[in-house]
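For reference, the structure discussed in these notes is given below.
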Amino acid sequence: MKDIMKVYISRNVPQEGLNYLTEHGLTYTVNMENKKLTQEEVIIECQSADLLLNVGGVPLDQHFFDNCAHLKGIALASVGYDHVDMDAASKAGIPVSNTPDVLSGATADVAFLLMLAVSRKAFYRANEIREGKWNDFEFTKDLGIELNGKTLGIYGLGRIGLELARKAQAAYGMKVIYHNRHPNETAKRVLNAEYVNFDELLTRSDVLSVHANLSPETQYRFNKETFARMKNSAILINTGRGKIVHEQDLYTALVNGDIWGAGLDVTDPEPMKADSPLLTLPSVCVLPHIGSATIETRTNMIKMAANNLIAASKSNHMPQIVNVEVYKA
């Protein structure tokens, strides 16, 4: 009789995903404490597993793959995979998948939420109520800025950026410019978006939204030099990766008036420290990395990840494979 493959799941996930695994003949063990595990704890748990569903970004480096080379596949419950040493995974012959596309709409919603909240200093003004500081009407206190007809710049216009651009154009008639390695023909055709160089993106954007992946090229791309090139009325939004923005430089730029405001759903580090000076500024809104945090999206992410593990359990190609070279080998 063929052995039943076992999945280890590093955090609690929606039941629909677990049911999907069971329906396809897999068993599973879940970290029901829902605490963030160390890499060593995941290594220990994986010794009795055939497959791993990595939820929450536990780092998987050379040390991990040296100790877990027996795994038949790893599914990430995320789009990003910068926490995984893909070269080490491929050398170990372990396919790794992610969950692209399924969270594009939800993440674009959060970018839109931050854009609007920053433009009206919404988080800061809401906190004034909690602190008992909502006093008499003041005609000129902490005024926001309007988005109608402004220019939205997107750094890394993929599916998420395209969704944000659609919403911004429909709601506020915003002109869309963007910078990628290569032009996005869909953006040009659907939204008449303009492809610009990086310097033009900085100097022309009223709102600049970051959607790029983290890489050596993009790490701390937004720093004191880039903030100095932006409009002093500009808003920076980041739903990409925290390390793309140098937060100390961002704070200094905001205090000095180099840019007007910032909305972050990703920070460096995560979680953000409660005493971060960014949290004291009126035109800053920070969220705890909730881009994909809807019932529908998180459920679909886990079902996609489960489908990748089911494929790996049958020695089939993972549909959302990241290190495709593992199959060529």
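Note that CG of L52 is 6.5 Å distant from CG of L60, once rounded to the nearest 0.5 Å. The CD1 atom of I74 sits 9.0 Å away from the OG atom of S97 when rounded to the nearest 0.5 Å. The structure places CG of L214 at 4.5 Å from OG1 of T218, a figure rounded to the nearest 0.5 Å.
For R229, the CZ atom sits in a loose shell: 12 or fewer heavy atoms of surrounding residues, nucleotides or ligands are nearer than 6.0 Å. Other residues, nucleotides and ligands contribute only 12 or fewer heavy atoms inside 6.0 Å of the OH atom of Y81. For K231, the NZ atom is densely surrounded, since the number of other residues' heavy atoms within 6.0 Å is greater than 12. Heavy atoms of other residues, nucleotides or ligands lying less than 6.0 angstrom from CD of E33 number 12 at most. More than 12 heavy atoms of other residues, nucleotides or ligands lie within 6.0 Å of NZ in K141, so this atom counts as buried by the packing criterion. Annotation: I129, atom CD1; neighbour count of heavy atoms from other residues, nucleotides and ligands within 6.0 Å is above 12.
For the residue pair Q320 and N98, no side-chain donor N or O sits within less than 3.5 Å of a side-chain acceptor on the partner. In the model, E325 has a side-chain atom that pairs as donor or acceptor with a side-chain atom of S90 under 3.5 Å. Donor-acceptor pairing under 3.5 Å is lacking for the side chains of T22 and H24.
In this structure, D249 contributes its side chain and K224 its backbone to a donor-acceptor pair below 3.5 Å. The main-chain N or O of D199 is found under 3.5 Å from a side-chain atom of T203 such that the two form a donor-acceptor pair. At least one donor-acceptor pair closer than 3.5 Å links the side chain of H70 to the backbone N or O of A49. Between the side chain of D61 and the backbone N or O of F64 there is at least one donor-acceptor pair closer than 3.5 Å. For N308 (side chain) and M304 (main-chain N/O), a donor-acceptor pair under 3.5 Å exists by modelled atom type. Between the side chain of N184 and the main chain of T186, a donor-acceptor pair closer than 3.5 Å is present. At distances below 3.5 Å, at least one donor-acceptor pair connects side-chain atoms of N54 with backbone N or O atoms of V58. Formation of a donor-acceptor pair under 3.5 Å by the Q62 side chain with backbone atoms of A88 is not found in this model. With N67 contributing its side chain and H63 its backbone, the two residues share a donor-acceptor pair below 3.5 Å. Checked by atom type and distance alone, the side chain of Y327 never pairs as donor or acceptor with a backbone atom of P95 at under 3.5 Å.
Taking all atoms of both residues into account, the shortest heavy-atom contact from N323 to I94 is ND2-O, 3.0 Å. In plain terms, the two heavy atoms of R166 and L191 that are nearest each other are N-CD1, 3.9 Å. When every heavy atom of P14 is checked against every heavy atom of I302, the shortest pair comes out as CD-CG1, 3.7 Å. When all heavy atoms are compared, the tightest approach of P288 to D265 is C-OD1, 4.1 Å. Smallest separation of non-hydrogen atoms from N223 and T226: N-OG1, 2.6 Å. Considering every non-hydrogen atom in both C68 and C46, the closest pair reads SG-CB, 3.8 Å.
Partners of K72 under the salt bridge (Lys or Arg N to Asp or Glu O under 4.0 Å) rule, at least two apart in sequence or in another chain, do not exist in this structure. Under the rule for a side chain to side chain donor-acceptor pair (under 3.5 Å), the partners of T38 that lie at least two apart in sequence or sit in another chain are E41. The side chain to side chain donor-acceptor pair (under 3.5 Å) search around R241 returns D82, not counting sequence neighbours. With sequence neighbours excluded, the residues satisfying salt bridge (Lys or Arg N to Asp or Glu O under 4.0 Å) with D101 are R159.
Hydrophobic cluster of I44: no remaining members, since no ILVMFWY side chain lies below 4.5 Å from it. Other members of a hydrophobic cluster containing Y220 are absent, since no ILVMFWY side chain comes under 4.5 Å of it, directly or through relayed contacts.
For Y195 and Y178, the ring centers sit closer than 6.0 Å to each other.
I43 and V96 fall within a single hydrophobic cluster, where Ile, Leu, Val, Met, Phe, Trp and Tyr side chains are chained together by heavy-atom contacts under 4.5 Å.
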Show me the side-chain donor-acceptor pairs of residues 146-158 shorter than 3.5 Å, one per line, residues at least two apart or across chains.
residue : atom : partner : partner atom : Å
K150    : NZ   : E146    : O            : 2.8
Y155    : OH   : R221    : NH1          : 2.9

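Annotation: salt bridge (charged side-chain N to carboxylate O under 4.0 Å, His left out) contacts involving residues 10-23, sequence neighbours excluded, are absent. The list of salt bridge (charged side-chain N to carboxylate O under 4.0 Å, His left out) pairs with a residue in residues 171-188, not counting sequence neighbours, reads K175-E194, R181-E217. Residue pairs that meet the ring-ring contact (aromatic ring centres under 6.0 Å, His included) test with at least one member in residues 247-267, sequence neighbours left out, do not exist here. Listed by first and then second residue, the salt bridge (charged side-chain N to carboxylate O under 4.0 Å, His left out) pairs that reach into residues 104-121 are D109-K167, K121-D142, sequence neighbours excluded. Within the structure, salt bridge (charged side-chain N to carboxylate O under 4.0 Å, His left out) pairs that include any residue of residues 291-304 do not occur (at least two apart or interchain).
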inquiry  = Could you walk me through whether L250 and L236 satisfy the side chain to side chain contact (heavy atoms under 4.5 Å, CB included) test, starting with their C-alpha distance in whole Å, then the side-chain angles of each, then the deciding distance to 0.1 Å, before giving a yes or no?
reply    = CA-CA 9 Å; L250 174 62; L236 178 76; 4.1 Å; yes
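Partner of N31 under the side chain to side chain contact (heavy atoms under 4.5 Å, CB included) criterion, out of I9, V55, L37, V13: L37 alone.
A salt bridge does not link K273 with E247: none of the charged nitrogens is closer than 4.0 Å to a carboxylate oxygen. Classification of D50 and K6 as a salt-bridged pair fails, no side-chain N sitting under 4.0 Å from a carboxylate O.
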